[in-house]
Amino acid sequence: MNVVIVESAAKAKAINKYLGSGFKVIASYGHVRDLPSKDGSVEPDNDFAMHWASDDDRSRKVMREITEAVRKADKLILATDPDREGEAISWHILELLNEKKAIKKGVPVERVTFNAVTKQSVLDAMKAPRQIDAPLVEAYLARRALDYLVGFTLSPVLWRKLPGARSAGRVQSVALRLVCDRELEIERFRTDEYWTIVARLATQKSEDFEARLQAIDGKRLERLSIQAEASAGAIKAAVQGGSFTVRSVEKQARKRNPYPPFSTSTLQMDASRKLGFSAKQTMNVAQRLYEGIDLDGETVGLITYMRTDGVTIIPEAVTAIRRQIETDFGKRYVAPFIREYKAKAKNAQEAHEAVRPTDVGRRPQDVARFVDRDQLRLYELIWKRSVASQMASADVEQTTADIDVKGRDGKAYGFRATGSVIQFDGFLKLYEEGRDDRQRAIDKGKEDKSAEEDDARRLPPLATGDRVTERGIETNQHFTQPPPRFTESSLVKRMEELGIGRPSTYASTMATLVERDYVRMDKKQLVPEDKGRLVTAFLESFFKRYVEYDFTAGLEEQLDLISDHKLAWKDVLREFWREFMGSVTETKELKVSDVLDALNELLGPHIFPDKGDGSSPRACPKCGTGQLSLKISGKNGAFVGCGNYPECRYTRQLSQTGEGGDGGLVDGKVLGLDPESGEEVTLKSGRFGTYLQLGEAKSKDEKPKRSSLPKGVDPNDVDLVYALKLLALPREVGSHPETGDMILAGLGRYGPYVQHGKTYANVESIEDVFSIGLNRAVTVLAEKAAGKGSRFGRGAQQRDVLKDLGAHPSGEGKIEILNGRYGPYITHGGVNANVPRGKEPTDVTVEEAVMLLAERAAKGGGGKSRFGKGKAKKAAAPKAANDEDGAAKKKPAKAKKPASKAVRKDAAE
């Protein structure tokens, strides 16, 4: 019996069918061991010795199964994925088997790789075995050691000097800096007004077209040449009614060439732009297409391996694609020569093929009934891009007409009309790459439309010397716009251009930033949270070298040289560690006040925005004499407070912008007078957000009536009527029919609720607080009291089922994904497991659900213990991340010595 090891159960099932009864295919379910999340897993002082462990029951169970099978095997075939991580998984498994002396003497060990899960690809791979690629494993070891050392060394420094910060990571922190730097650029941007002049013209045959003013007296106009309405009006008056003559007409034929087939990064970009997928969702869907889909009883991988930075396609696949083009579109649409592409990424390696269909003959419509909607959409995108890459170029004729007019002021004005027409569509018949949002979306003419939009128009026939009739002159006002925030796709593109990280890890890097509350997604844009900006500012101030783009890219190049066996991996570690520890040592004597001074300076435009009235943005609005400064609270993180504390106790949130912010406009804003008391109703900003206040404190013991704003309510939208409704809470709903006690509805720390005695149950929205009737309130409270509902008012009859995954493989009950108070979770047999953050609930497969439930059960998770308060009080330590950023997620609540084992234990959580 030959034993074959792959990563996933889906691949194991498919490959077992291809190889037959003489083979036993076992899934490792990814890595079987990793660096434990504790101090000492990597020892720089011991020649960077690395100590690995299988730290969960699943990994140990898998290794027992593999070990038992290998003891009886005639041959061991390691067939994990054809990339760095796949090579590492095979190496780990072989190391463990050798430790256990499970491989009998004389039993051959082979490493095989295949780029597609198809019968032919697998059988061909079995005929070309090799040994484990030692340099590739060494590159993995270097990356893993670097990520661990950066995370476990830098994170405690953050915890000590910047309370509230969660972690730092080698690639994560640089990606975060990109997002934060862009936000600072936006905040510093100053808008300029400018004007454009457009002439509406017509030929002798009354064919209308438009031309833009390009030059005055032969001098070409720049974008901001006309900055005032008066100047634009003067030009309009000068040329209106003038004699317009065509000075020259130039026609130019040009070709538009197709795009290369997808690499990992370009697939993520286009899936984001065209399908609205996150990078993580794209990779999850692509993984399922790669591992295999059941097509009429046969499991077949529909695409090649999706983690690649290559853009080449093997010759036989190119031949099949060109044949398919001729069949579907005709011979004219086949490129006259075989197109060859080269990756443009700074640190690209051409080791793997591009992402393509395994069989181009399987058109999207042919597989539609076998896949779900997301799988079909992504497969169609990959199929079209691959086919288009070998199609003929599009032929475009571009026309430019320069038109002169003599102004009443004696100046010569030059206008230009441009247009283009597609003479032959070529590859555009099938595919056109999606585009990111413009530098700023054109907002009803307030931003200048680019010349390329004019290019898309078709001009009427024009000839040199033609007189054209003026039918109107338009003056259009525009404003320059700041650069746009990054989207996932544009951030991936920028990271790839800079050579930061690897394409295969971009999805996990961005998911980590969101998961750690360093950034948030707002309409597909990445917006840095205050916590993320603080971390970035700290690192730029005291560890600048390690968040520099060139340094990070240079380190990636060194790691690639290790893969090519051109650098010794421990030499790279020694050089990095020596300089890195020097920077860490320099921060030991750093005072928190030094940190705050640096952050006040670096984040000034964000924390203390210009008021526009010439006054100091850091002047305390309460006492008038104090200076505002960043403050740090170990419990609540960062906030802004007055330097005259304790005489002045003014505080506010770190920033006054963004979601839940108020743009700096509402603090102290008077909404009106309460008709009953005659007191002012005021919007105020505090450390924990914006709130409403009725009147002022009459004494130290008597505080004014206050109400927080419901989550999601913009302070700028709050008027007096709404404010009075909130200040009037709690509302009396009615007397309970059994006890006679009053039922109240109000807004509390955990959101809107109804209350009867000591029983509280949350309701869905603030509107329910204002409208809920007695009958429904009694029902919600009864469900809570009976244990059918929760503190949050969700009874058994109100379960929000997001996806029914069907029966558990054990046959005992079904698996469901429910929508819970704290997000979606998987449930089966009394065990609940959170859906990983950033993962679409509908994308979770049965296999993933079973694994997550098993891991949760192993840690003591049950129906009563979704958040770790159930049967087993001692949960296993979280497994460190296997991506570029094995860094800390949170600081233990009671750790007093950040460098101690207690702190380090959670550094990769």
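One-based numbering along the sequence shown. Just so we're clear, the structure is a prediction, and the values are computed from it rather than from any experiment.
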What do you reckon, is [atom1] of [X] surrounded by more than 12 foreign heavy atoms closer than 6.0 Å?
{"X": "Lys236", "atom1": "NZ", "result": "yes"}
{"X": "Gln365", "atom1": "CD", "result": "yes"}
{"X": "Glu767", "atom1": "CD", "result": "yes"}

Distance alone, cut at 3.5 Å: any donor-acceptor contact between the side chains of [X] and [Y]?
{"X": "Asp404", "Y": "Thr245", "answer": "no"}
{"X": "Glu488", "Y": "Ser272", "answer": "no"}
{"X": "Arg416", "Y": "Thr400", "answer": "no"}

Hey, does the side chain of [X] reach the backbone of [Y] with a donor-acceptor pair shorter than 3.5 angstrom?
{"X": "Tyr379", "Y": "Val371", "result": "no"}
{"X": "Arg332", "Y": "Gly426", "result": "no"}
{"X": "Glu470", "Y": "Gly241", "result": "yes"}
{"X": "Glu210", "Y": "Ala417", "result": "no"}
{"X": "Arg385", "Y": "Pro260", "result": "yes"}
{"X": "Arg408", "Y": "Ala237", "result": "yes"}
{"X": "Thr264", "Y": "Met306", "result": "yes"}
{"X": "Asp522", "Y": "Gln525", "result": "no"}
{"X": "Arg339", "Y": "Met391", "result": "yes"}

Contact between [X] and [Y] at the side-chain level, heavy atoms closer than 4.5 Å - yes or no?
{"X": "Val387", "Y": "Asp328", "answer": "no"}
{"X": "Leu683", "Y": "Thr690", "answer": "yes"}
{"X": "Gln477", "Y": "Glu229", "answer": "no"}
{"X": "Asp181", "Y": "Glu540", "answer": "yes"}
{"X": "Phe427", "Y": "Phe329", "answer": "no"}
{"X": "Phe209", "Y": "Ile403", "answer": "yes"}
{"X": "Thr469", "Y": "Phe244", "answer": "no"}
{"X": "Glu496", "Y": "Ser265", "answer": "yes"}

Which atom pair, heavy atoms only, marks the closest approach of [X] to [Y]?
{"X": "Tyr413", "Y": "Ala238", "result": "OH-CB, 3.9 Å"}
{"X": "Ile313", "Y": "Glu353", "result": "CA-OE2, 3.4 Å"}
{"X": "Val492", "Y": "Met269", "result": "CG1-CE, 3.9 Å"}
{"X": "Pro710", "Y": "Ile766", "result": "CG-CG1, 3.7 Å"}
{"X": "Ser248", "Y": "Thr464", "result": "CA-OG1, 3.8 Å"}
{"X": "Val311", "Y": "Lys342", "result": "CG2-C, 3.6 Å"}

Does this structure show an ion pair linking [X] with [Y], if we count only N-O contacts that are shorter than 4.0 Å?
{"X": "Glu185", "Y": "Arg182", "value": "yes"}
{"X": "Lys384", "Y": "Glu380", "value": "yes"}
{"X": "Glu432", "Y": "Arg256", "value": "yes"}
{"X": "Arg362", "Y": "Asp366", "value": "no"}

Would Arg494 count as a cation-pi partner of Phe486, with NZ or CZ less than 6.0 Å from the six-membered ring centre and within 45° of the ring normal?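 Judged by the rule (NZ or CZ under 6.0 Å from the ring centre, within 45° of its axis), Arg494 is not positioned above Phe486.
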
Hey, what's the ring geometry for Phe262 with Tyr431, parallel, tilted or perpendicular (30° and 60° as the breaks)?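 Plane angle over 60°, so perpendicular.
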
Say you draw a straight line from [atom1] of [X] to [atom2] of [Y]; how long is it, rounded to the nearest 0.5 Å?
{"X": "Tyr518", "Y": "Thr536", "atom1": "OH", "atom2": "OG1", "answer": "8.5 Å"}
{"X": "Asp425", "Y": "Leu430", "atom1": "CG", "atom2": "CG", "answer": "10.0 Å"}
{"X": "Ser386", "Y": "Gln324", "atom1": "OG", "atom2": "CD", "answer": "12.0 Å"}
{"X": "Arg323", "Y": "Thr327", "atom1": "CZ", "atom2": "OG1", "answer": "8.0 Å"}
{"X": "Leu275", "Y": "Gln281", "atom1": "CG", "atom2": "CD", "answer": "8.5 Å"}
{"X": "Leu302", "Y": "Leu376", "atom1": "CG", "atom2": "CG", "answer": "10.0 Å"}

Between Leu221 and Ile226, does the side-chain contact (heavy atoms from CB on, under 4.5 Å) criterion hold? Intermediate values first, please. CA-CA 8 Å; Leu221 296 179; Ile226 307 172; 4.2 Å; yes

Can you check side-chain contact (heavy atoms from CB on, under 4.5 Å) on Tyr506 and Leu491, steps first, answer last? CA-CA 9 Å; Tyr506 291 154; Leu491 182 59; over 6 Å; no

Checking side-chain contact (heavy atoms from CB on, under 4.5 Å) for the pair Glu326/Lys331: CA distance, chi angles, key distance, verdict? CA-CA 5 Å; Glu326 185 173 355; Lys331 195 166 186 177; 4.0 Å; yes

side-chain hydrogen bond (donor to acceptor under 3.5 Å, both in side chains) with Glu183: which of Arg533, His606, Arg485?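 For Glu183, the side-chain hydrogen bond (donor to acceptor under 3.5 Å, both in side chains) test succeeds with only one of Arg533, His606, Arg485, which is Arg485.
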
side-chain contact (heavy atoms from CB on, under 4.5 Å) evaluation trace for Leu526 with Met521: CA-CA 5 Å; Leu526 294 165; Met521 297 296 296; 3.0 Å; yes

